Amino acid sequence: MKSHAGAFFTGEYRNVLTEFGYEKAEIRERLEAAWRELFEGGEDARIYHESGGDMGYMLDTGNLDVRTEGMSYGMMMAVQMDRQEVFDRLWKWTMTHMHMTEGVNAGYFAWSCAPDGSRLSDGPAPDGEEYFAMALFFASHRWGDREAPFNYGTQARDLLRICIHKGEDGIGDPMWNPRNKLIKFVPNCEFSDPSYHLPHFYELFALWAYPEDQPFWKEAASASREYLRTACHPETGLAPEYAYYDGTPNNERGYGHFFSDSYRVAANLGLDWEWFAADQWACGAAGRIQAFFADKQPENYRRYTIEGKPFEEKALHPVGLLATNAMASLAADGEPARASVELFWNTPLRTGDRRYYDNCLYFFALLALSGNYRIWKP
């Protein structure tokens with residue numbers, strides 16, 4: 001990988017797609033068309049739905065529920081695409097139906113609700129909270145703050161404070177382990193999910209969180225980069241879905257292998273390198289993941305051990321996997337990087353019941369590879 005200062009410092013974002021020969025106008029139209037399909041398309045294509053006069057939600061079409069993962073992803077897509085009305089609809093739905101105000105999880109968001117807003121769980125999932133916070137900061141900086149709940153910056157800072165200080169009064173648990181600064185799978189457990197580790201977000205939290213919390217986030221960024229070094233296999237680059245704090249796979253419930261959650265690690269390595277270029281190791285890891293899949297066709301993607309041994313079980317989200325592998329080209333180079341991007345470009349958005357997760361990852365890859373997944377500063 002060529003020397004690279006990081007877009008945070010330069011303000012310049014690579015357009016990998018134009019580097020590989022695609023036309024700017026064609027890329028922009030692909031991005032706009034993807035937005036239209038996901039947010040405005042027919043019932044067999046869209047994953048966003050308006051609700052009432054001023055709310056909206058992202059539907060997990062495979063499970064027919066609404067998840068903090070999808071809601072926070074939708075908000076990130078909306079702020080990157082400058083769609084404030086959609087952003088505000090999603091955030092109001094989230095605050096109305098998912099925000100918990102009592103009990104051990106007060107201040108967090110219920111990770112799963114029915115489309116009518118009724119709760120299907122009273123527990124949170126930290127990947128939603130970290131995306132909510134980042135999307136809210138970007139909204140604050142891009143559009144300015146308004147009255148609650150659209151005082152985006154304050155909402156983000158308050159949420160991050162809860163994430164790291166919850167439980168200090170004896171009620172509930174924090175989302176990050178206070179000693180090792182690693183994000184947990186859920187607050188009341190002591191293991192992690194490698195795909196939750198977003199050091200590029202934590203670098204920004206270290207600038208924009210409440211001043212007393214900023215040192216924590218700077219340490220968390222370093223801790224997560226070190227953690228990914230241990231969680232990603234040294235030869236294949238593959239990470240398990242769940243892993244202990246030492247990075248070894250946690251297979252107690254069968255999630256110790258490379259499967260759906262794990263796909264996001266490649267995308268995160270790519271975006272962290274694009275934004276901050278903090279750890280050259282990420283370039284090698286991204287390249288190893290792409291090399292592992294270089295001789296595999298999407299219709300034959302499977303569950304794998306992190307050493308690369310395939311199971312009989314086919315991948316549930318092959319489009320999501322090829323999209324995240326393409327997004328890794330922000331950090332990787334060489335022929336596998338080009339081939340990964342070409343495969344992505346030649347693959348349409350997924351249709352059918354399982355399309356939600358695949359198409360969220362697809363849209364993020366399209367944003368990132370076109371230079372449109374940006375840091376919005378104050």
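We use all heavy atoms of the structure for the numbers below, so side chains are in, but hydrogens, waters and symmetry mates are not. All residue numbers in this chain count up from 1 along the given sequence. Model, not experiment: these values are computed from the prediction.
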Test log, rule side-chain contact (heavy atoms from CB on, under 4.5 Å), inputs Asp88 and Arg146: CA-CA 11 Å; Asp88 286 351; Arg146 307 197 317 276; 3.0 Å; yes
Stepwise ring-ring contact (aromatic ring centres under 6.0 Å, His included) check, Phe216 with Tyr202: CA-CA 9 Å; Phe216 178 96; Tyr202 312 154; 8.7 Å; no
Chi angles and distances behind the side-chain hydrogen bond (donor to acceptor under 3.5 Å, both in side chains) call for Glu190, Asn177: CA-CA 8 Å; Glu190 292 298 341; Asn177 180 290; 3.0 Å; yes
Chi angles and distances behind the side-chain contact (heavy atoms from CB on, under 4.5 Å) call for Trp91, Gln155: CA-CA 11 Å; Trp91 181 235; Gln155 296 283 349; 3.8 Å; yes
Verdict with supporting geometry, Asp213 and Arg161, salt bridge (Lys or Arg N to Asp or Glu O under 4.0 Å): CA-CA 7 Å; Asp213 294 336; Arg161 181 166 58 191; 5.5 Å; no
Stepwise side-chain hydrogen bond (donor to acceptor under 3.5 Å, both in side chains) check, Asp65 with Ser112: CA-CA 6 Å; Asp65 66 346; Ser112 174; 2.7 Å; yes
Worked check of ring-ring contact (aromatic ring centres under 6.0 Å, His included) between Trp143 and Phe87: CA-CA 11 Å; Trp143 300 319; Phe87 186 100; 5.3 Å; yes
Residues Glu129, Leu159; criterion side-chain contact (heavy atoms from CB on, under 4.5 Å); working and verdict: CA-CA 7 Å; Glu129 267 71 359; Leu159 178 55; 3.7 Å; yes
Glu40/Arg83 under salt bridge (Lys or Arg N to Asp or Glu O under 4.0 Å): CA gap, chis, key distance, verdict: CA-CA 12 Å; Glu40 302 162 9; Arg83 303 302 213 279; 5.0 Å; no
side-chain contact (heavy atoms from CB on, under 4.5 Å) between Arg303 and Glu241, intermediate numbers included: CA-CA 11 Å; Arg303 183 189 295 270; Glu241 291 194 286; 4.1 Å; yes
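There is no path of hydrophobic side-chain contacts, each under 4.5 Å, that joins Met98 to Leu120.
Ring pair Phe39/Trp35 is parallel by interplanar angle, where below 30° counts as parallel and above 60° as perpendicular. Taking the six-membered ring where the residue is Trp, Phe191 and Tyr244 present perpendicular rings, their angle passing 60° and hence far from 30°. Ring geometry for His197 versus Tyr227: interplanar angle under 30°, hence parallel rather than tilted (30 to 60°). Between Phe258 and Tyr263, the ring planes lie tilted relative to each other; the angle falls in the 30° to 60° range.
In the displayed structure, Lys218 atom NZ is contacted under 6.0 Å by at most 12 heavy atoms of other residues, nucleotides or ligands. Few gaps surround CD on Glu299; more than 12 heavy atoms of other groups in view lie less than 6.0 Å from it. In Phe292, the CZ atom is crowded: over 12 heavy atoms of neighbouring residues, nucleotides or ligands sit closer than 6.0 Å. The number of heavy atoms from other shown groups lying within 6.0 Å of CD (Glu212) is above 12. Around CD of Glu147, the count of heavy atoms belonging to other residues, nucleotides or ligands within 6.0 Å exceeds 12. Within 6.0 Å of the CG atom in Asp353, the count of heavy atoms belonging to other residues, nucleotides or ligands does not exceed 12. Within 6.0 Å of atom NZ in Lys24, 12 or fewer heavy atoms from other residues, nucleotides or ligands are found, so the atom counts as exposed in its surroundings. Counting heavy atoms of neighbouring residues, nucleotides and ligands inside a 6.0 Å radius, atom NZ of Lys314 exceeds 12 of them.
For the pair Lys92 and Glu50, the salt-bridge criterion is not met [side-chain N within less than 4.0 Å of a carboxylate O]. The pair Arg338-Glu342 does not meet the salt-bridge criterion, since no charged nitrogen lies less than 4.0 angstrom from a carboxylate oxygen. Salt bridge status for Arg30 with Glu26: absent, with no side-chain N to carboxylate O gap under 4.0 Å. In this structure, Glu29 pairs ionically with Arg36, as a charged nitrogen and a carboxylate oxygen lie closer than 4.0 Å. Between Arg264 and Glu69 a salt bridge is recorded (basic side-chain N to carboxylate O distance below 4.0 Å). Here Arg355 does not pair with Glu37 in a salt bridge; the nearest charged N to carboxylate O distance is not below 4.0 Å. Ionic pairing of Asp193 and Lys184 is not present here: no N-O contact between side-chain nitrogen and carboxylate oxygen is shorter than 4.0 angstrom.
A donor-acceptor contact shorter than 3.5 Å is absent between the side chain of Asn372 and the backbone of Leu367. Checking side-chain atoms of Thr305 against main-chain N and O of Gly308 turns up a donor-acceptor pair under 3.5 Å. Not one N or O on the side chain of Tyr57 forms a donor-acceptor pair closer than 3.5 Å with the backbone of Ala114.
Between Tyr73 and Phe364, the ring centre distance stays below 6.0 Å. Residues Tyr152 and Phe137 keep their aromatic ring centres 6.0 Å or farther apart. Checked against a 6.0 Å centroid threshold, the rings of Phe201 and Tyr131 count as neighbours. Annotation: Phe259 is not in aromatic contact with Phe311 [ring centroid separation under 6.0 Å not met]. Residues His257 and Tyr304 place their aromatic rings such that the two centres sit no closer than 6.0 Å. Ring pair His200/Phe276: centre-to-centre distance not below 6.0 Å. Ring to ring, Trp176 and Trp217 are close: their centroids are under 6.0 angstrom apart. Aromatic ring centres of Tyr22 and Trp345: separated by under 6.0 Å.
For Asp358 against Pro318, the heavy-atom pair with the smallest separation is OD2-N, 3.5 Å. Nearest heavy-atom pair across Glu274 and Arg14 is OE2-N, 3.0 Å. Summarising the geometry of Ala331 relative to Gly270, their closest heavy-atom pair is CB-CA, 4.0 Å, with the distance given to 0.1 Å. Considering every non-hydrogen atom in both Thr236 and Ile306, the closest pair reads OG1-O, 2.5 Å. Nearest heavy-atom pair, Thr68 versus Phe109, reported as atom, atom and distance to 0.1 Å: CG2-CB, 3.7 Å. Closest approach of Cys360 and Ile47 over heavy atoms only: SG-CD1, 3.9 Å.
Here the CG atom belonging to Leu17 is positioned 4.5 Å from the CD1 atom belonging to Ile27, to the nearest 0.5 angstrom.
Side-chain atoms of Arg119 and His97, non-hydrogen and from C-beta on, never get closer than 4.5 Å to each other.
For the ring pair (Phe, Tyr, Trp, His ring centres under 6.0 Å) with Tyr373, the lone residue among Phe363, Tyr13, Trp275 that qualifies is Trp275.
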